[in-house]
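Written below as structure tokens is the structure these notes are about.
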Amino acid sequence: MKKITITSIILFLLININYTFSQTKNNTIQNPLEYANQRTKAISLVKNEKWQESIEILKTLTTQYQNDADLFYLLGLSYYETGQFKSAIIVLKKTIESGGTILRDIPTGSAPSNDIMIKIAKAYAEDGDKEHALLWLQKGFASRYDEKPFLEGEPAFKNFNTDDEFLALFGNDNQTKITREESWTKDLSYLEKRINELHYSPNHSISKTELSKEFQNLKTKIATLNDEQIVVELMKIIGSMGNGHNLIIPTSPNKGTLKKFPVQFYQFNDGLFIVDAEVGYEQWIGYEVESIENTTAEEALQKTNKVNAKDNDMQKLWLGPYYLGLPDVLKGLGIVENANQVTITLNDRNGKSQKVIMNPVSWNFSGFPKMPKLKDSEQPLFLSKIEDPYWYKLIPENNSIYVQFNIVTQKKTQSLEDFNIELRRKTSKNNVQHLILDLRHNHGGNGSILPPMLKTIINFEVMNPDGNVFVLMGRETFSAAQNLLTDITKYTNAILVGEPSGSKPNHIGEAGWFKLPYSGLMGLISTQFHQTSKAEDHRKWIAPHIPINVSSTDYFNGNDKALNTIMEVIKSYKN
């Protein structure tokens, strides 16, 4: 027995030595410099969508060296774009087998492995192979592909997008006669399935058994609830899951669209106030909300936790007021009895109170609310251009530059990378000693494009050892903006000013879409874990070094206390 064992080990070693030697031999590059030049050229051709030209170079490179999944990925896309679908399938599968890619800025492509699986499904569909197209769609969905609802009308699947097997993947079917109760039951079953399909950790805050029980209980109540009430009950289920990226868009349904008050609330450190209003309600801007019906504003805000799937309590301050603006949610939380007419008690600046009846209005959800600009007043710097994704202003009297980064996206007129190149030139040319980065309005976006901004911050600190980096932050610093903030604290000595951040250094994020077939209800489910900080970092937020709360008095007077404090710090350095 011992001889057999020794013999087996020797054979195993010999096989692996031969395999390793074979791999090394097959991946020997005769001219590394030429290889590198050709690799750069191939990437450039792909980025310029010169697909056919790229194919020949990529074929040669992948023959010479088979350990670079990036090249298989680019070759697969090139084959796909030139209609060579069978070849695209073979090479894209090799990309996945090699662990995938993280290449950015590739036209028509997307780097995550689940996106590559969907590309393979499209290639099979274009090649007329329905069976394998459906199989790879299922693989992609099981791997948390996040754009699923938008594939229903995808041209690649046009030849079978009304087939029962295809429709079933999206919770649909060809049934025409179906009752309201049956339709909502199908929606609930599909949503439960989609949550388990999408969520990185669906049982993070609630067990699978409890989640299933919540859906089952709601199914038994469908006949006794109107459509709006069902939507609110679903918001409660989503809220029970935790994680700030889990949410329902309440204006998306064909059935159950929620209305809102014609005013916007904001929670300051001295109370809940009306900060914006539609035409006809502007007179209430600046008033404090004392109570909603018989519930105090403070108690009402606390109750929104049931529908607010938050990362931390800063999101209660940020999103709680948003939920208070939805009368059907107020009814579902037991705050009001009649969602069509709500009495709110308001206080003016002199403390005089009056009851105001608010009637809901229709609206379209376009993202969670930001602190709005002031009405009929000169805007302070931090509110002056909140609609601009990124911009800067030199402050020469303090040798400073103020940079406001409001959403992680690319402007059509200037990429984020080009913006940062300009920033670096400006700071160098103008002898800037202090950089102020404002992330207070930034809810996140495409985190893959963040490196240029992070490089600017690190570069500035390295090149200005006697200067400082300041970061303005708060409850709305969320998602990709949170990731940027976390990285800044890891790699620089930036001074943080404002409120705690709206998310955790390590958080469950991303955003996988769902769409329910009957109601049309849409929403997002957390799909990925972002470990931006070290593994043992369990902080609920990143806390500021200089805490500055936001008061209603400062806001309505156009006073930016946080930025003013930074200017005082800079002046103290001068002195």
| note | For Ala480 and Val408, the nearest pair of non-hydrogen atoms, with its separation, is CB-CG2, 3.9 Å

| field | Asp311 and Lys316 ion-paired at < 4.0 Å | value | no

| message | Treating Glu210 as the side-chain partner and Ser207 as the backbone partner, does any N or O pair qualify as donor plus acceptor under 3.5 Å? | response | no

| task | Could you tell me whether the side chain of Asn217 and the main chain of Glu214 form a donor-acceptor pair under 3.5 Å? | result | no

| query | Hey, which of Asn420, Asn483, Leu484 is the one that makes side-chain contact (heavy atoms from CB on, under 4.5 Å) with Leu454? | reply | Leu484

| message | Under a 3.5 Å cutoff, is there a donor and acceptor pairing between the side chains of Gln404 and Asn442? | response | no

| query | Just by distance, do the side chain of Trp318 and the backbone of Asp313 share a donor-acceptor pair under 3.5 Å? | reply | no

| request: Report the distance from atom NE2 of His441 to atom CD of Glu387, rounding to the nearest 0.5 Å. | output: 10.0 Å

| message | Can you tell whether the side chains of Glu476 and Lys370 come within less than 4.0 Å, N to carboxylate O? | response | no

| Asn246 (side chain) donor-acceptor with Gly242 (main chain) under 3.5 angstrom | yes

| field | Ion pair check, Arg180 and Asp227, cut-off under 4.0 Å | value | yes

| message | Check Glu197 with Lys148, please: is the shortest side-chain N to carboxylate O separation under 4.0 Å? | response | yes

| query | How many angstroms lie between atom CZ of Arg349 and atom CG of Asn347, to the nearest 0.5 angstrom? | reply | 10.5 Å

| field | Sidechain-backbone polar pair: Arg104 side chain, Ser448 backbone, donor-acceptor under 3.5 Å | value | yes

| query | Distance under 6.0 Å and angle within 45° of the ring axis: does Lys411 meet both against Tyr390? | reply | yes

| query | Does Lys373 pair with Glu378 as a salt bridge, N-O distance under 4.0 Å? | reply | no

| message | Quick check against the 3.5 Å criterion: does Asp554 have a side-chain atom that pairs as donor or acceptor with the backbone of Val550? | response | no

| query | Do the ring centers of Trp284 and Tyr281 come within less than 6.0 Å of each other? | reply | no

| Backbone N/O of Gln315 and side chain of Arg475: donor-acceptor pair under 3.5 Å | no

| task | Check for a donor-acceptor pair, side chain of Asp187 on one end and backbone N or O of Tyr518 on the other, with a separation under 3.5 Å. | result | yes

| Can you tell which of Tyr392, Trp391, Phe382 makes a ring-ring contact (aromatic ring centres under 6.0 Å, His included) with Tyr402? | Trp391

| field | Close aromatic pair by centroid cut-off 6.0 Å: Tyr266 and Phe273 | value | no

